[in-house]
Novice: 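Structure below; questions to follow.
Proteins get letters first, then strands, A, B, ... in listed order; numbering begins at 1 in each. All of these numbers come straight from a predicted model, not from anything done at the bench.
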Amino acid sequence: MRFSKAFIYTKKEAPSEATLPSHKYLIRGCYIQSVGAGLYNFLPLGKRVLDKIRNVAKEELDKAGCLEVDLAFVTPLELWEQSGRVQKYGKELLKFRDRKDNSFVLGPTHEEMMVNLVKSYVNSYKQLPINLYQIKTKFRDEIRPRFGLLRGREFLMKDGYSFHSSTEDMKREFDLMEKTYSNIFRRLGLDFRIVEADSGAIGGSGSKEFMVLANSGEDTLVICTNCDYGANIEAAKRAKRKAPLVANEEEAVSMTFGKFHTPEVKTIEQLSEFFHINPFYTLKIVAKKAIFEDGSSKVVLFGVRGSDDLQEVKALNAIDGAIDLEEVSEEELKEAGFEPGFIGPKDLPKDAILIVDKELENERLIIAGANEKDYHYVGLNLNDLDLEYKDLVEVKEGDICPKCGGVLKFSKGIEVGHIFQLGTRYSEPLDAKFLDENGKLKPFIMGTYGIGISRLVAAIVEQHHDSKGIIWTKESAPFEVEIIISNIKKEEENKAGFEIYEELIKEGIEVLIDDRKERFGFKMSDFELIGIPYGIIVGKKIKDGIVEIVDRKTLNKEEVKLQDVVEKIKGYLDR
RNA sequence: CGGAGUGUAGCGCAGUCUGGUAGCGCACCUGGUUUGGGACCAGGGGGUCGAAGGUUCGAGUCCUUUCACUCCGACCA
C-alpha cells in the first residue's frame, strides 16, 4: 500500500478529551474517528488492526472446533422478556419500535438469540456438544462511555456459546476455551492474567476474566505474589484474618456481655477510640437500599468487621433477587425502623434483613450497636444469634492468599475476555431442551465466552506504546513493514524503495511505502506514531548500496546491504 | 442521576468580562526555494460563532430556553 493513497492523515494534536495513550494515539494516528459519545468510526488503518485481531481469534477458535455464525443485530424484545433480562440490563438496552409498533433491542450480547437458534435445530444429545460464536457489533447504552475504545457504546465483540448434555462436558469445554483464549492473547503479544471473576448480569457460576495488565485499567485485580492466584476485587477471597496481636487483646477477650452507654459514638473510629480497642473487634453495619426486579426496594443490612470494608458486588449477590444496591439516607434508615450509628445484630426489627460476613461466624467477642440511641453491646456472642453468613469483605493489599498463604497485592487490568459456566440459566426460562440417552427431556447445560475485539485494539496500545506513539505487536500491526523513502525526488531512492516494496509483496509481507512528498523528519515521526514494527529507510546511503532497518520498539537503526534487506526482514518477522 | 466545564474553520485554541468589519496555530490549495528528524517565502480557499427566542440602531459577546459533548463521582460482563 502506498502511503499517499492510504487515507492516513496524522495529527499533531489529540482532542482535549482524550486522556489515555490509546485514545490519543489512535486518533492522532488516524486509526479511529470519534463521532459521538462512545461511538467511533474505524478508518482504513484501524480497520486493518481490527481485522488482524479478529482473524487471530477466528483461527484459534476454529482450531478448537467452534463454529462461526452471524446473528441478527436487531432482536425481538420478547426474547429478553422471556429470559427476564429486560429489568436486569435496564437502560443499557437500547429499545425501539419498528413501523408496525413491534419492540426490538439492539443486541448487547446474544444469549437469548443463540439459545433460541439452537433449540430449533437440536433435539438430541447426539447432536451435542456444540460451540457457536460470532464476531459482531454490539450496542450497550453505557451511562458514561469513556476512554475511547476501552468503553464505547458500540463495540466489536466475539461472543460464543456452548451447549452440552452434562455439566462435566461443559466444564471440559470451559477449560478448552481457557486454553484457546490464552493462545489468542499470547499470539497478540499481550501480558495478561486469568483471574476469578464475578458473574454479574450474565448469571451462572464459575467465571474467569482475562485481564491485560495496564495502569490505565478500570478493574482492580488481586494477585498473589507467591502463587498463580488472581481474582477481580469483586470476587477476590483471602485467608481469614487473624486477630491483631496488640497489647489490649486480653482486655478484649476478657470482656463479658453487657450494654454500654456510648453517647454520640456513631462511627467505627469513634467506637474503637471510646473502648480503646482495635476495630477488628467491632462489628460494622453497612445499610443499603436493595432494588428488586419488580421495581420494589428494601433497606438491607450488611455486617463486616470494623477493620474491613464491604465489597458491594458481593453484597449485591448476597441478596436474593436484588438487581442493584443504592445508598440510603439517615431519614430512610429511621423510616425503616433503624437507629443510624447504633445498628447491631441483636434486637433488630423482625423483618430486617442482615447478612454477616462469614469470617465473623463463631466470633464471640464483638462490640456492636444495640439498636438503641447511644448504646452499644460489648462481649457479644454472635453464636447466640440466628444470623445468615456470606462472603462480603473487600480484600485489601497485604491480605493473605487463600490458596498458598502468600501475600496479596493489587494490580490494574483491562478486561478483554470473560468465560462463564452458565448451566441452565438461559435454557430453562427459554425452554430449550433436548432428549438424553434415557429419553428424558433436559435443559441444555451451557457455557458462554466473550472477547472484546475492539477493546483489544486499545488494550494493545495501552500496553505497547512509548512517548512517540504506538508499538504494535507482530500479529496486531496494520502492516508488517513500512518503507520510508527519504526524498522521493531522488530517482535512486525512489527506485530502490519500490524495488524492495515489490519484493516484499512477492514474499506475502504486508508493507506500507511512504511515497509522500514530505521531509524525512516528518515521515519518521509518522512512522513512530503509527507504530509499524519495522521500518526500512531508503535514503542518502543508497548510493553505497546501503539501507537501514529501524526497529520501532527500540528505535535502533541497522545498516543493511540493499540486496540483503528482504531476507533480513523475513528473519525478523519469523518468515 | 449529582458536581464541574466546554461548544467559534477539518483539528487545537483566542476573542465573550467592557456589544461596533470573526481571528491565530496546525492541516488544505497554487507557485517557488529546501530535502536524514515535524522546513521556508509569497499568495489563496474555508465559519448559519451548537440551536431557538429575546433585548438593542447593532449580538460570537447581554438575557431566557434548549441541545450536544467532555471531565470527576455514582454506575458498568
Novice: Given B/C69, B/G38, B/G37, identify the nucleotide with an atom nearest to the side chain of A/Met524.
Specialist: B/G37
Novice: To the side chain of A/Lys517, which of B/G10, B/C75, B/U34 is closest?
Specialist: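 In terms of side-chain proximity for A/Lys517, the closest of B/G10, B/C75, B/U34 is B/U34.
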Novice: Measure CD/A/Glu491 against P/B/U35 and give the value in whole Å, please.
Specialist: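 Whole-Å distance recorded here is 18 Å.
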Novice: For the C1' atoms, the ones on B/U61 and on B/U8, what distance do you get once it is rounded to whole angstrom?
Specialist: 12 Å
Novice: Check every atom of B/G38, B/A77, B/C76 against the side chain of A/Lys12 and return the nucleotide holding the closest atom.
Specialist: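 The answer is B/G38.
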Novice: Quantified in whole Å, what is the P atom distance between nucleotide B/A9 and nucleotide B/U48?
Specialist: 9 Å
Novice: Parallel, tilted or perpendicular for A/His23 and A/Tyr40, by the 30°/60° rule?
Specialist: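 It falls in the perpendicular class, over 60°.
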Novice: Under the 3.5 Å rule, do the base of B/A77 and the side chain of A/Thr448 count as making a donor-acceptor pair?
Specialist: no
Novice: Taking B/A51 as the reference, what is the distance to B/A42 when you measure between their C1' atoms (whole Å, please)?
Specialist: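 Result for the C1' pair: 41 Å, nearest Å.
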Novice: Does A/Glu92 reach a base, just sugar-phosphate, or nothing at all? Heavy atoms under 4.0 Å.
Specialist: sugar-phosphate
Novice: State the CD1-CD1 distance between A/Ile530 and A/Ile471, to the nearest 0.5 angstrom.
Specialist: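 Result: 14.0 Å between the selected atoms.
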Novice: Can you check whether any acceptor in the base of B/G36 is under 3.5 Å from a donor in the side chain of A/Glu548, or vice versa?
Specialist: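 Side chain to base: pair present.
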Novice: Looking only at atom P, what distance separates B/C69 and B/C28, rounded to whole Å?
Specialist: 30 Å
Novice: When you measure from the side chain of A/Glu415, which nucleotide among B/U35, B/A77, B/C76 comes out closest?
Specialist: B/A77
Novice: Taking pairing as Watson-Crick or G-U wobble with both contacts under 3.5 Å, can you name the mate of B/G58, or confirm there isn't one?
Specialist: none
Novice: Counting heavy atoms from C-beta on, name the nucleotide in B/A77, B/G38, B/G10 closest to the side chain of A/Arg140.
Specialist: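 Side chain of A/Arg140 sits closest to B/A77.
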Novice: Determine which nucleotide pairs with B/G19, using a 3.5 Å limit on both distances of a Watson-Crick or G-U wobble pair.
Specialist: none
Novice: A/Tyr534 ring centre to A/Arg552 NZ or CZ under 6.0 Å, with the angle to the axis within 45°?
Specialist: no
Novice: Would you say the ring centroid of A/Phe7 lies under 6.0 angstrom from that of A/Tyr9?
Specialist: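 Ring centroids of A/Phe7 and A/Tyr9 are less than 6.0 Å from each other.
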Novice: Any carboxylate oxygen within less than 4.0 angstrom of a Lys/Arg side-chain nitrogen, looking at A/Lys284 and A/Asp309?
Specialist: yes
Novice: Nearest-Å distance, CZ (A/Arg552) to C1' (B/G37)?
Specialist: 14 Å
Novice: In whole angstrom, what separates A/Ile484's CD1 from B/U35's C1'?
Specialist: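 Checked: the CD1 to C1' distance equals 15 Å.
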Novice: Classify the side chain of A/Lys557 versus the base of B/G37 as yes if they form a donor-acceptor pair under 3.5 Å and no if they do not.
Specialist: yes
Novice: For B/G37, does the base pair up with any side-chain atom of A/Glu528 as donor and acceptor (N or O, under 3.5 Å, distance only)?
Specialist: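 Indeed, a donor on one side and an acceptor on the other fall under 3.5 Å apart.
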Novice: Only pairs with both distances under 3.5 Å count, Watson-Crick or wobble alike; so what is the partner of B/C26 in this structure?
Specialist: B/G10
Novice: Over 60° means perpendicular and under 30° means parallel, so tell me whether A/Tyr181 and A/Phe210 are parallel, tilted or perpendicular.
Specialist: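 Correct class here is tilted.
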Novice: From the list B/A77, B/A74, B/G25, which nucleotide is the closest neighbour of the side chain of A/Glu13?
Specialist: B/G25
Novice: Of the nucleotides B/A77, B/C75, B/C26, which has the atom closest to the A/Arg146 side chain?
Specialist: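 Of B/A77, B/C75, B/C26, B/C75 is nearest to the side chain of A/Arg146.
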Novice: Measure CG/A/Asn487 against P/B/G36 and give the value in whole Å, please.
Specialist: 7 Å
Novice: Among B/A74, B/G38, B/G37, which nucleotide sits nearest the side chain of A/Arg144?
Specialist: B/A74
Novice: Could you please name the partner base of B/U34, counting Watson-Crick and G-U wobble pairs only when both distances are under 3.5 Å?
Specialist: none
Novice: Quick one: A/Glu493 CD to B/U35 C1', roughly how many Å, whole number?
Specialist: 9 Å
Novice: Taking CG from A/Leu150 and C1' from B/C71, how many angstroms apart are they, rounded to a whole number?
Specialist: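 It works out to 16 Å between those atoms.
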Novice: If I pick the P atom on B/G46 and the same atom on B/A52, what distance separates them, to the nearest angstrom?
Specialist: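 Comparing P positions in B/A52 and B/G46 gives a spacing of 23 Å.
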Novice: Which nucleotide in the list B/C11, B/U35, B/G38 gets nearest to the side chain of A/Asp526?
Specialist: B/G38
Novice: Both A/Lys523 and A/Met157 contact RNA chain B. Taking the nearest nucleotide for each, which residue is further toward the 5' end?
Specialist: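 The 5'-side residue here is A/Lys523.
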Novice: Of A/Ile143 and A/Ser525, whose closest RNA chain B nucleotide lies nearer the 5' terminus?
Specialist: A/Ser525
Novice: Run the side chain to side chain contact (heavy atoms under 4.5 Å, CB included) check on A/Glu394 and A/Leu310 step by step: do they pass?
Specialist: CA-CA 6 Å; A/Glu394 179 149 298; A/Leu310 179 70; over 6 Å; no
Novice: Using the C1' atom on both, measure B/U21 against B/G7 and round to a whole Å.
Specialist: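 Each nucleotide's C1' atom is 24 Å from the other's.
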Novice: What distance do A/Phe174 atom CZ and A/Lys208 atom NZ have between them, rounded to the nearest 0.5 Å?
Specialist: 5.5 Å
Novice: When the distance from CZ of A/Phe147 to C1' of B/U70 is rounded to whole Å, what number comes out?
Specialist: 12 Å
Novice: Between B/G36 atom P and A/Glu518 atom CD, what is the distance in whole Å?
Specialist: 14 Å
Novice: Does A/Arg519 place a side-chain N or O at less than 4.0 Å from the phosphate oxygens OP1/OP2 of B/G38?
Specialist: no
Novice: Could you tell me the Watson-Crick or G-U partner of B/A4, where both distances fall under 3.5 Å? Say none if there is no partner.
Specialist: B/U70
Novice: For B/G53, give its Watson-Crick or G-U wobble partner with both distances under 3.5 Å, or none.
Specialist: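 Pairing partner, where one exists within any strand: B/C63.
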Novice: On a plain distance test, is the side chain of A/Arg28 in donor-acceptor contact with the base of B/G38 below 3.5 Å?
Specialist: yes
Novice: Considering only atom C1', compute the distance from B/G2 to B/G38 and round it to an integer number of Å.
Specialist: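 Between the two C1' atoms, the distance is 44 Å.
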Novice: If the C1' atom of B/U30 is compared with that of B/G37, how far apart are they to the nearest Å?
Specialist: 27 Å
